[in-house]
Amino acid sequence: MQKNLSESDVAERVESLLARMSLAEKIGQLNQVGGADFAPGPKAEDQIRAGGAGSVLWLNDTKRFNELQKIAVEESPSGIPLLFALDVIHGYRTIFPAPLAMAASWDPTVPEQAQTVAAREARAAGIHWTFAPMIDIARDARWGRIVEGAGEDPFLGAAMAAAQVRGFQGDDLADPERVLACAKHFAGYGASDGGRDYDPVYLSETQLRNIYLPPFAAAVKAGAATFMSAYMDLNDVPASGNRFLLRRILREEWGFDGFVVSDAFAVGNMVIQGHARDGRDAALRGIKAGVNMDMSSYTYANHVAELVAEGALTIAEIEELVRPILALKVKLGLFERPYVDETLLAQVVARPDHRDAARWAAQRSMVLLKNEGGLLPLKKDIKKIAVIGPLADSMSATEGSWMVFGHQPAAVTVLAGIRAKLPGAEVTYAPGPEIRRDIPSWFESFMAGETRKPPQTPEEAAAAFQLAVESARAADQVIMVLGETDLMSGEAASRASLDLPGRQEELLQAVAALGKPVVLVLLNGRPLSINWAAEHIPAILEAWQPGSEGGHAVADILFGDVNPGGKLPVTFPRKGSHAPLYYARNLTHSPEGSPMYNPRYWDGLPTPLYPFGFGLSYTTFAFSNLQLSAAQVKVGETLTVSVDVTNTGAVAGDEVAQLYIHQRWGSDTRPMRELKGFARITLQPGATQTVTFPLGPDELRYWSTNAGGWIQEPATFDIWVGGDSQATLHTEFEVVA
Ligand code: GLC
């Protein structure tokens, strides 16, 4: 298969395929069948043999892939190969930090490298297409799927989206180590009411255009082959029946030429949502809106032929949706190489560079939230360490949410990482009381993790609590590993509170009362309101869901082999009820700090516990010499911002220089701060580096409600540059007509 087939070659092959396909087969390409037993509908083989399936999902079995592919290629009427698809969100066998964690690296090479490895392993398993990257902006930490995205900011989110698409797809889809990416969930899913997963989303066009769509636009620009339409109602029209999203924005404005798959059963679900009258109506709406492939609801398979027979749909409309599916199968080289070498996976997943990459990604994703009195890094000559907490030795909490079907957790836990780091020390372990969701997750039935054990009795919990306190009393140093289990974030995992679940805080307080030095390591998929810990625990490391090598990476940081440099991609609220809470807000007539300031809640200020962009280091940095290439530019021109960053401490470390702007007036009110540039740099002690950022139309334009379109306008702008969203180093510039 020669690289980079020309578009005309591809088009020619697609047309010749279409010419020999029956209508039933064309409709078959639009049908994605569930490969696992739980998917509804007739057995996968029968549909494939009849040419009634274009793709199979929810199957993770290399041998089975080849069996089904053989039926498609050798027994179906036109022998069109299947696309095998699966959720490979942050690793196939080598698990990388959750996407929210990788966003915390503020280094796009981290997700790009991670998804390159994930693609290589997934493809070796026989998977052609991953349902990733998930690039939903999330400003409500109660929403469980915040873990799967890049946090609250469109500028950071867009950079991470493009990096993941590059990682999955590379620069040539014929490369046998790449997979098709799928930008999801289009669009606005992260803004569901109250952070309640699946609830409706109401967004103005301004919010959609300026906040929720930029990562998707970046994914198209990066060449994302497919998109996934979201479950929920967007302004009362389900995303999978939404022409404004799928035709107007995605195709007409952005020129997207790949294909759209619905979310699971979402075409058929339009009946349940009270939007479509029946399956026939749902099929019509999905096709008209531009959903190419129906994920496992069989609505297209059951109704499109009749809609064509009745004249409600034309064959041309069907063919328009089939073309991009065939084109991508041609580009992937599936016609020449439909089968996977069943010996390949074992070799690929054994590559040591894969685990090295996972450890490196985890090291760069962790965020140091507090380090009072330089407690960290810990000395390696400590004799007795007590590792305490229900997540300290949990492989599933370390690997995190969205493991691929059939994956057996195999992470290096924090406990194992610490023991490996200090073989000579006595490292005890006490889990303390277990933590569980109040309402179990329906995903639990697919997960092999610890959640399947029967719940602890109150007596067992009390005994575990006591044991943990005793283990702390006997130690020189305590490391508490607290947070959330893998199923406490992710899909169908929203929660009203952001507190530490169960009796974790109570245990932390009991241990802290012993007067021993305590370090808190967080394993979690969302911001947590760790107010008490922030006040009373001297050192706190946000480790997120760090993946296969997570325990080693935590130990690398705790004992100083790695200096943490991550920054928060999302605001940490003090309470769940303060959400949605984000930095890029409007000033209002009563801004913070003004004499007119009105505290937004009388029962406590909703100031962030930790702000967007925040993160500490084992060294310190200073920002100085903020310069502009011009004090004034015309609309359409670009100016350059430069700043000096100095490592003012005693050890080498990474800083993330962040650039925020504020347009002081305009057609629309603009947020008090917006991230428009970032760069992670490494500095030796005493060293200074000049960092520069371009500020031009791409950074300064916005979608205006008043103007009804994208505008860049004359105004005065504030600029701040620093190490988080509360940066104080300031200057300003004018944009003139
Ligand atoms: C799920 C998720 C989506 C996933 C799809 C296939 O319900 O919403 O993110 O890719 O179904 O598993």
Side-chain angles (χ1 to χ4, degrees), residues 31-41 44 54-60 83-92 98-100 115 118 122 127-138 143-150 161 164 168 179-192 196-199 201 215-216 219 224-234 238-240 259-270 272-273 291-298 400-407 441-447 486-487 489-494 525:
N31 185 32
Q32 182 176 53
V33 303
D37 299 340
F38 65 80
S55 171
V56 172
L57 83 161
W58 296 327
L59 182 65
N60 180 19
L83 278 174
F84 293 115
L86 201 61
D87 295 280
V88 181
I89 309 299
H90 53 111
Y92 175 79
L100 184 66
Q115 305 307 18
I127 292 161
H128 308 121
W129 175 25
T130 178
F131 298 127
M134 187 279 208
I135 51 181
D136 300 300
I137 293 294
W143 188 50
R145 302 197 78 164
I146 193 169
V147 65
E148 298 172 48
Q164 291 195 66
F168 284 126
V179 295
L180 299 182
C182 182
K184 74 183 188 182
H185 307 76
F186 197 55
Y189 183 21
S192 58
R196 294 182 295 272
D197 203 6
Y198 306 151
D199 260 9
V201 168
F216 289 99
T226 72
F227 263 53
M228 182 185 291
S229 56
Y231 279 132
M232 83 295 142
D233 284 326
L234 171 63
S240 300
F259 72 84
V260 175
V261 63
S262 73
D263 201 338
F265 319 115
V267 174
N269 284 351
M270 285 196 273
I272 297 172
Q273 275 161 273
V291 175
N292 302 67
M293 195 178 277
D294 168 10
M295 184 187 289
S296 214
S297 84
Y298 299 90
S401 60
W402 268 125
M403 289 301 104
V404 296
F405 286 73
H407 175 79
S441 159
W442 57 270
F443 279 97
E444 212 154 296
S445 47
F446 313 127
M447 295 296 175
D486 56 315
L487 291 175
S489 59
E491 184 172 354
S494 292

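Each ligand, and each atom within it, is numbered from 1 in the order the structure gives.
Note: Y198 and Y231 have perpendicular aromatic rings, judged against thresholds of 30 and 60 degrees for the angle between ring planes.
Backbone and side-chain nitrogen or oxygen atoms of Y189 are examined, and none is located within less than 3.5 angstrom of a nitrogen or oxygen of ligand 1. Looking at ligand 1, you'll find an N or O of R145 within less than 3.5 Å of one of its N or O atoms. Not one N or O of E148 is nearer than 3.5 Å to an N or O of ligand 1, by distance alone.
Side-chain contact check for D136 versus F216: some heavy-atom pair is nearer than 4.5 Å. Contact annotation: the side chain of Y92 approaches that of I127 to within less than 4.5 Å [non-hydrogen atoms, C-beta and beyond].
Ring-centre distance between W402 and F443: below the 6.0 Å cut-off.
Between the side chains of W129 and T226, at least one donor N or O lies within less than 3.5 Å of an accepting N or O.
Ranking protein heavy atoms by distance to atom 1 (C) of ligand 1, first place goes to E491 OE1, 3.2 Å. Of the protein's non-hydrogen atoms, the one nearest atom 10 (O) of ligand 1 is D87 OD1, 2.5 Å. The shortest contact between atom 7 (O) of ligand 1 and any protein heavy atom is with Y231 OH, 2.4 Å. Shortest contact from atom 5 (C) of ligand 1 to any protein heavy atom: D263 OD1, 3.4 Å.
Closest non-hydrogen pair, I89 versus Q164, comes out as O-OE1, 4.4 Å. Of all the heavy atoms in V179 and A122, the pair that sits closest is CG1-CB, 4.5 Å.
Close approach to W58 involves these atoms of ligand 1, each under 4.0 Å from a residue heavy atom: 6 (C), 12 (O). Applying the 4.0 Å criterion to heavy atoms of H185 picks out, from ligand 1, the atoms 3 (C), 8 (O), 9 (O). For ligand 1 and A264, the ligand atoms under 4.0 Å from any heavy atom of the residue are 11 (O). Taking every heavy atom of K184 and a limit of under 4.0 angstrom, the matching atoms of ligand 1 come to 3 (C), 4 (C), 9 (O), 10 (O).
Looking at M134 against ligand 1, nothing comes within 4.0 Å, counting heavy atoms.
For the ring pair (Phe, Tyr, Trp, His ring centres under 6.0 Å) with F227, the lone residue among F186, F131, F259 that qualifies is F186.
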